[in-house]
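See structure below.
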Amino acid sequence: MRGLAGRVVAGAALLATVAMLPWLSGTDPAQTVLRARSGDQDPTPEQLAAVRDELGLDNGPFTHLARWLSGDAGTSWVSGEPVLPAVSNAFAVSLTLMAGALVVTIAVAALLCARTTYLGSRQLLRDSRAGTGAAFLAALPKFLLASLLATVFAVWLGWFPSGGWQGPASMVLPAFALGVPSGAVIGALLEQSLPATFDEPWVRTWHACGFTSGRIAWHALRGALAGVLPQFLPSVVGLVGGAVAVEKIFNIPGLGRLALDAALAQDLPPLQTATLGLILLGFAAGLLVQLLRRALLGPALRDGGLMATRPPVLPPRRSARWVAAFCAVTLITLVVAGLLRDPLQVDTASRLLSPSLAHPLGTDALGRDVLARLGHGAVRTTGVAVAVTAVCVVLGLLLALTGKISSGLTEMMSTLPAVLAGLLTTAVTGPSVWGAAAAVCLVGWTPYAAQAAAQFEQERATDHITASVALGASPAHLLRHHLLPAVLPPLLRNALLRLPTTVLVLASLGFLGLGEQPPTPEWGRLLSENQQYLELAPWTTLGPACALVLLSVLAVTGTATRRPARRSAAASGLRSAT
Amino acid sequence: MRSPLHRLFAALALTPLLAGCFAAGGDANTATSGRLKVALAVPPVQALSPYSNDATVLGKLSVAEGLTALGKDGAAAPALAKSWTRKDDTTWVFELRQAKFQDGTEFTAESVVNALDHAGAAKSKPRVLSDVTLTVKADDADTVTITTKTADPVLPLRLASPALGILAAKAYAADGTVTPIGTGTGPFKITKLTGKTGATLDRFDDYWGGQAKAAGIDVSWIADGAARTNALRSGEVDIAEWIPTAQAKLLDVNTRHDVPSVRTDSLILNTAAGIFTDESLRASARAAVDGSALVNSVFGGYADAAQGLFGPAVGWASGQRVPVTGRATAATTDEIKAKTQGRTLRLAAYTNRAELPEAASVLQQQLEKAGFTVQQDVREYTQMEADLLAGKYDALLLSRVTLLDTGDAVAYLTSDFMSTGVYNIADLKDPTVDQAIAAAAAEAGTAERQQKIMRAEAEILRTGAVIPLVNEKVVQGVSTRVEGVLLDPRERSLITVDTRLK
């Protein structure tokens, strides 16, 4: 019941905000609509008055909202065409694309966990993997992957269409571009929780009793999957509205582009209907995830019969340290070398030079040294991304603690594209340096809230919590000694895996005037401004992409190289007592 | 136990099949031989209504025609009107040709009256009619008389505007919408429009100018420039318009065709507020900024260093250019530092044209070398237009079409540089400039008008309110399989009756 109330309130609040957008933004909607209709049209007072009159803008937001709420999706302010067919077509396209991305996500995640599952189910697991491969894949920018796939598989090899939405073949490349990074995040999270599951006592018992390794693997996966399933919401379902860059590169008439165009033109009717669609999708997906988790965990979740989430028990692979050390040294070298150079020196004569002694990473389209730009952007980029991620993690944790009430909010915000949040932020703050960070914080907490909420729920259903409560533990004690220690390690890993995405999302809001203005070097911007030279001068994007990958691998393996921490004495004592 | 997951996987595998929501593509049944596949850049905003931006598509694909067309020399050429005469200052008589609409009805004087009356009464008037009021009368079946409220020397040019294309009666709905689908007079007839993704056009067999050589056109709209280039390179389309300069080098030399465009990129300085109210600082900015540095870098060679507001695409301009005199003397570096007193120069550019943000960084360095402190603000155009018109920036890097839909340069000068101009971002209020533009607007003779336009250009440049940087070129990608594509500097035409696959 509380969950339902939370959903209704959250949905209504978001829809109301969107309905007010043209009046909140401070930009005359008549002007943006006129501009969207005709690029050459001069914004004369008469023209603006004509548009205002035609759309009934002077009546204020409430007449529009009332009409919309009465079930009339209306016609687009820009095109005058009915909204419903356009939005539902785009929605169907995006949903299909998401299904494709989901398949790829699952496949990538499965590949990443294959080794751990195979060895674990045979009781052969001796060390835990550091997740280097997953961190590498998770750091690949989707738009870069999309450009690369389009160039190689559509233009060079001609295996797939380069764009459009003409049939299942059109789906392959975009599904890969979207699914690979998502699958890497989900696979890495799954892989992290598996070794602990395989260490649970029942596995040994089953193994001794001669259960097949397949059955053991399946049962172990069920437990681990239940904790990771909520991640599909922000990572995969969120792609329905949040795949704008990939939709552009492959010319897919999806919902992301529709919503973005509508938002920029302040074309309210399609924007409202698209938002409603995304909200409902979020709720439906949330419900599905909930049902699947119930099915996977069975009655144990309800009856408090789950095993405690255990801390990592296996020593990390030795190679992990080497990988981390290598990444750290390379990054530091890059940054120091870059800091000694001038990142702003434009030299149009030496444009797009390939790497040489004078320019170790080559030059960009304006002849600026890529290494210098990397080095000077490093601190700013990582600093902002880490700060934003930290805020998101804390927000997510706090919301997860409120339980069912916030689950609706989490589901809803998971599907909300960051660009919409960016527009709402610009409406309030105007273009500003902090705007991008604020906008990303507004939507970026959802993966952590979803993850923490699921972990909390599973943790609360364990027998040792029941025992602690029976022994008189206060809620604060439970949180401090049982819940947080169980939830934080996977949360941290998730946050680190998503660090590169945060960098890119922050940069993607630049066109709204949010964030640092050019020519300030910043990794996300380096990637997006050089994207168009991917084929002509690959080094312009290779440098920043490698830096992002190094950062991601360093963050993930660096934290994984710690020796397994011992749980607090109370917790282990309790566990052995039960 | 296993069933939920199994069901999930089954559902996932089926989803692409069940959803069945791929856009309807090229019909497999229609013979594709002889059909042109074209990738256009700007998706339709108002279902191809001629009163919106979409009008240009109707010209590019030879769907609709006006009474006149723009000739190569920039003068009006016959189209649906065979000839015309100017009876007096405000009265023109047009002789119409025999033609048929694509819906089978006859093109008559009544159709002209109907079409132009609808354009004049449209809720948001087409731009080309913003400063003129037409009264159209049918004299007989193939003669119309058009009277203007005030003298309008460029009326024949105006009528060439794609917004004033003549469509069949059934195109004009009671609710004010206009559809060109199956209602034009051109050699190609739109048979189907699929949202913002594509359109199908067939040859119109009864075209007055003879049958088109191509059997039809399959249009797809691809907004992303790299994606258009990819579509051309992978052979999915035969023609791709507007190849981004960054991508042009990826195309084979024989497939990329550049043509001077009427677009000029310039730096507009705010004369009403901020540091550039000082004329000597404007002059130093002009001295500091070098547009030719952009040509081979940012534009990859696809531009010409600007000599004035009008570039090589406006053929008559360079021959009649008037030297600029009476400019203010530029402030020296020290004077700049003293006069700006640490105030930063707010330099605006927009992301909609990929070259502008790059150019802004080059200009920033040039201006900083001269002693200015520069702060960039780069955003999407719609996000900053209100601020631009409110004069919140010191300088704007603007890419502007200098021949608007009238095909006449005066319209651009009036809106951008007259003190009453609606797009006067420089906020220029200079009586001499106003007089010069007004003189050009009143001139009827083609040669005299051109002279006066160039005189106005010199007056505008004298104020230092605008610093022309480059005249852009447009790169059109045309496969070697295709011949007869019309490369038009004004971007009004592309595919004509003669375009065909080899």
Side-chain angles (χ1 to χ4, degrees), chain A residues 27-28 31-32 35-44 47 50-51 54 78-81 86 89 92-93 95-96 99-100 102-103 147 150 154-155 158 161-168 171 248-249 251 253 264-265 292 295 346 348 351 365-366 431 511-513 517-519 532-533 535-536, chain B residues 4 8 12 15-16 19 21-23 25 45-47 52-53 123-124 127 130 177 195-197 220 222-224 226-227 230-231 233-234 236 244 246-247 249-250 293 296-298 351 354 357-358 360-362 364-365 375-380 382-386 389 401 404-405 415 422-423:
Chain A
T27 306
D28 185 357
Q31 193 172 337
T32 49
R35 191 49 77 197
R37 284 179 184 174
S38 166
D40 291 336
Q41 191 76 265
D42 288 321
T44 58
Q47 286 283 7
V51 173
E54 184 191 332
V78 172
S79 72
E81 308 245 291
N89 279 342
V93 168
L95 221 51
T96 317
L102 182 62
V103 172
S147 293
V155 176
S162 71
W165 197 247
Q166 308 286 346
M171 229 172 91
K248 267 188 193 158
I249 292 165
N251 196 37
L264 286 177
L292 282 171
V346 173
T348 48
R351 105 188 257 267
L366 297 179
F511 77 104
L512 298 175
Q517 282 292 335
Q532 47 179 339
Y533 299 102
E535 200 178 341
L536 269 182
Chain B
L8 173 68
L12 290 177
T15 317
C21 36
F22 294 99
V45 286
Q46 286 196 311
S52 70
N53 252 5
K123 267 186 226 154
S124 52
R127 190 190 177 286
S130 60
T177 56
K196 297 181 180 217
T197 54
S220 46
I222 307 181
D224 185 65
N230 283 344
R233 291 173 74 202
S234 62
E236 284 154 48
Q247 309 275 324
K249 294 226 163 58
L250 296 172
N296 281 315
S297 56
V298 175
T351 54
E358 288 189 359
S361 288
V362 177
Q364 172 171 15
Q365 174 158 311
Q375 167 71 47
Q376 285 188 42
D377 190 347
V378 180
R379 274 185 271 163
E380 218 266 345
T382 50
Q383 296 291 304
M384 63 190 337
E385 185 174 48
L389 293 170
V401 178
L404 297 176
D405 34 15
S415 71
V422 284
Y423 200 66

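None of the values given here were measured: they were computed from a predicted structure.
For B/Val45 against A/Ala36, the heavy-atom pair with the smallest separation is CG1-O, 3.2 Å. Contact between A/Gln532 and B/Ala354 at its shortest, heavy atoms only, is OE1-CB, 4.2 Å. Contact between B/Ser361 and A/Leu366 at its shortest, heavy atoms only, is CB-CD1, 3.6 Å. Summarising the geometry of B/Ser297 relative to A/Thr348, their closest heavy-atom pair is OG-CG2, 3.3 Å, with the distance given to 0.1 Å.
Between the CG atom in A/Asn89 and the OG1 atom in B/Thr197 there is a gap of 9.0 Å [rounded to 0.5 Å]. In this structure, the separation between OG1 on A/Thr32 and CD on B/Gln383 is 9.0 Å, given to the nearest 0.5 Å. Atom OG1 of residue B/Thr382 and atom CZ of residue A/Arg35 lie 9.5 Å apart, to the nearest 0.5 angstrom. Note that CZ of A/Arg37 is 5.0 Å distant from CD of B/Gln46, once rounded to the nearest 0.5 Å. The CZ atom of A/Arg351 lies 7.0 Å from the CD atom of B/Glu358; values are rounded to the nearest 0.5 Å.
In terms of heavy-atom pairs under 4.5 angstrom with chain A, the leader among B/Asn296, B/Thr351, B/Asp224, B/Asp377 is B/Asp377. The candidate from B/Gln365, B/Lys249, B/Gln364, B/Arg233 with the greatest count of non-hydrogen atom pairs under 4.5 Å with chain A is B/Gln365. Per-residue heavy-atom pair counts under 4.5 Å with chain A were compared for B/Ala223, B/Ser52, B/Ser130, B/Ala246, and the maximum is reached by B/Ala246. Counting heavy-atom pairs closer than 4.5 Å to chain B, the top residue among A/Gly513, A/Ala86, A/Ser147, A/Ala150 is A/Gly513.
In this structure, the portions of B/Glu385 lying under 4.5 Å from any heavy atom of chain A include both its backbone and its side chain. Proximity to chain B is limited to the side chain of A/Pro431, based on heavy atoms less than 4.5 angstrom apart. For B/Ala226, no part lies near chain A; criterion is any non-hydrogen pair under 4.5 Å. The parts of B/Gln376 that come within reach of chain A are both its backbone and its side chain, each placing non-hydrogen atoms under 4.5 angstrom from that chain. Both the backbone and the side chain of B/Lys123 come within less than 4.5 Å of a heavy atom of chain A. With a 4.5 angstrom heavy-atom cutoff, A/Leu512 touches chain B via backbone and side-chain atoms both. Interface remark: B/Glu380 contributes backbone and side-chain atoms alike to the contact with chain A (heavy atom separation under 4.5 Å).
The shortest distance between side-chain heavy atoms of B/Leu389 and A/Gln31 falls below 4.5 Å.
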Check your understanding: Stepwise, does the side-chain contact (heavy atoms from CB on, under 4.5 Å) test hold for A/Glu81 with B/Lys196?
Key -> CA-CA 11 Å; A/Glu81 308 245 291; B/Lys196 297 181 180 217; over 6 Å; no
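For the pair A/Gln517 (side chain) and B/Val378 (backbone), a donor-acceptor distance under 3.5 Å is present.
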